[in-house]
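Remarks on the structure that follows.
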Amino acid sequence: MATTSLLCAIGLSACSSTGGSSAGDVAGDAVIGGVFANLAELDYGTSLEQASIAAGDMLDIKVFQAEELSGKVRVDTNGQISLPLAGSLTVAGSTPTEVENKLKVLLGQRYLQNPQVTVFMESFTNQRVTIEGEVKKPGVYPITGSVTLVQAIALSEGLSSLADSKKIVLFRRIGDQTKAYNLDLDAIRNGKIRDPYLRGDDRVIVHRSDSRYWLRETAALLSPFSAINNILR
């Protein structure tokens with residue numbers, strides 16, 4: 001049943017509904033549950049405290065009344081920082097606030113009672129996002145600081161005449177997993193959904209309005225070994 005619904009969703013077979021739900025509703029549920037991740041996972045914060053840390057960023061860490069644990073440290077190529085006494089800590093992909101909380105737990109377990117920690121991003125690296133598909137100028141664009149999806153589309157000089165503003169897919173690497181998010185540019189511009197901030201190494205693909213197999217392409221890009229892709233072959 002799940003396989004049939006997913007095939008309905010991508011238009012590989014003609015399906016009809018039975019019962020109370022329409023075929024469109026079933027297909028929509030299959031797509032959301034089987035291919036796309038929840039949009040609530042994306043970044044919507046506007047301050048530096050909500051910006052994601054990446055390799056090469058410089059952090060200024062202050063621990064109240066513990067100068068030996070304080071100082072400036074650069075995130076290495078593995079996404080880690082190394083602090084005196086505290087050792088190595090993976091910080092890439094986290095926000096400064098999340099790193100503060102990690103350090104509070106770590107230092108509280110080993111050295112201090114109720115430690116007070118602040119983490120400030122002193123400098124950003126020039127990160128890159130890739131914009132492909134039906135845009136006027138596809139390419140790899142450097143970003144510094146906070147850049148939203150709408151701003152990134154503007155960097156590529158906007159959508160082409162063949163683009164479908166509802167078929168914009170954001171691919172994001174989170175840990176050892178790649179996730180896909182389906183974004184509706186018109187809904188963002190009309191204020192119906194929020195405009196998410198991009199992270200370094202994000203990949204945005206704008207599909208054609210007449211594309212029949214864009215969901216299959218999305219599933220294939222997520223993982224060639226995924227169960228979804230095996231169903232679609």
Side-chain angles (χ1 to χ4, degrees), residues 1-15 22-44 52 93 127-141 143 147-156 158-189 192-233:
M1 186 65 178
T3 302
T4 303
S5 296
L6 185 56
L7 293 177
C8 288
I10 60 173
L12 295 180
S13 62
C15 305
S22 68
D25 292 338
V26 174
D29 290 341
V31 170
I32 293 173
V35 178
F36 296 117
N38 193 331
L39 294 181
E41 298 176 359
L42 295 177
D43 301 327
Y44 297 100
S52 296
Q127 302 181 64
R128 299 180 300 174
V129 296
T130 302
I131 307 174
E132 304 176 55
E134 294 302 325
V135 291
K136 293 178 182 176
K137 192 176 179 181
V140 179
Y141 292 89
I143 59 172
V147 173
T148 68
L149 175 73
V150 170
Q151 290 170 333
I153 294 294
L155 290 175
S156 63
L159 304 183
S160 75
S161 59
L162 298 176
D164 188 334
S165 59
K166 294 180 173 59
K167 293 180 181 177
I168 297 177
V169 182
L170 165 63
F171 291 92
R172 175 168 294 173
R173 186 79 174 176
I174 301 176
D176 59 355
Q177 182 181 16
T178 298
K179 293 188 176 184
Y181 302 88
N182 183 204
L183 293 158
D184 183 336
L185 192 61
D186 289 339
I188 293 173
R189 287 171 171 165
K192 294 180 179 179
I193 62 174
R194 292 177 292 177
D195 187 10
Y197 285 88
L198 300 185
R199 297 180 183 176
D201 296 325
D202 277 353
R203 182 181 181 187
V204 177
I205 299 180
V206 180
H207 289 267
R208 293 169 65 109
S209 58
D210 60 353
S211 175
R212 295 178 56 193
Y213 302 112
W214 71 288
L215 292 175
R216 181 167 65 181
E217 294 165 2
T218 298
L221 288 169
L222 280 173
S223 172
F225 305 107
S226 69
I228 297 169
N229 195 43
N230 290 335
I231 291 171
L232 296 174
R233 285 179 174 174

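The model shown is predicted, which means the values in this text are computed figures rather than measured ones.
Across all their heavy atoms, Leu170 and Leu183 have their closest contact at CB-CD1, 3.9 Å. Taking every heavy atom of both residues into account, Asn182 and Ile168 meet most closely at ND2-O, 3.3 Å. Summarising the geometry of Ile131 relative to Ala152, their closest heavy-atom pair is CD1-O, 2.9 Å, with the distance given to 0.1 Å.
We find the CZ-OG1 distance between Phe171 and Thr218 to be 4.5 Å, quoted to the nearest 0.5 Å. To the nearest 0.5 Å, the span separating CD1 on Ile188 from CG on Leu149 amounts to 5.0 Å. In this structure, CZ in Arg172 is found 10.5 Å from CG in Asp201, a value given to the nearest 0.5 Å. One distance of note links CD of Glu217 with OG of Ser211; it measures 5.0 Å at 0.5 Å rounding. Here CG of Asp195 is found 7.0 Å from CD of Gln151. Values are rounded to the nearest 0.5 Å. Note: Glu134 CD to Ser156 OG = 11.0 Å, rounded to the nearest 0.5 Å.
Residues satisfying the side-chain contact (heavy atoms from CB on, under 4.5 Å) criterion with Lys167, sequence neighbours excluded, are Asp164, His207, Trp214. Partners of Asp186 by salt bridge (Lys or Arg N to Asp or Glu O under 4.0 Å), not counting sequence neighbours, listed by chain and number: Lys166. For Val140, the side-chain contact (heavy atoms from CB on, under 4.5 Å) test picks out Arg128, Thr130, with sequence neighbours left out. Looking at residues two or more places apart in sequence or on another chain, you find a side-chain contact (heavy atoms from CB on, under 4.5 Å) between Arg194 and Tyr44. Looking at residues two or more places apart in sequence or on another chain, you find a side-chain contact (heavy atoms from CB on, under 4.5 Å) between Lys137 and Tyr141, Glu157. Under the rule for a salt bridge (Lys or Arg N to Asp or Glu O under 4.0 Å), the partners of Arg203 that lie at least two apart in sequence or sit in another chain are Glu132.
No side-chain heavy atom of Leu221 sits less than 4.5 Å from a side-chain heavy atom of Val169. With a 4.5 Å cut-off on side-chain heavy atoms, Pro196 and Leu39 do not count as touching. Looking at Ile153 and Val206, their side chains come closer than 4.5 Å, going by heavy atoms from C-beta outward.
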With side chain to side chain contact (heavy atoms under 4.5 Å, CB included) as the test, would you mind laying out the steps for Val147 and Val129 before giving the verdict? CA-CA 10 Å; Val147 173; Val129 296; over 6 Å; no

Applying side chain to side chain contact (heavy atoms under 4.5 Å, CB included), run through Val204 and Val135 and close with a yes or a no. CA-CA 10 Å; Val204 177; Val135 291; over 6 Å; no

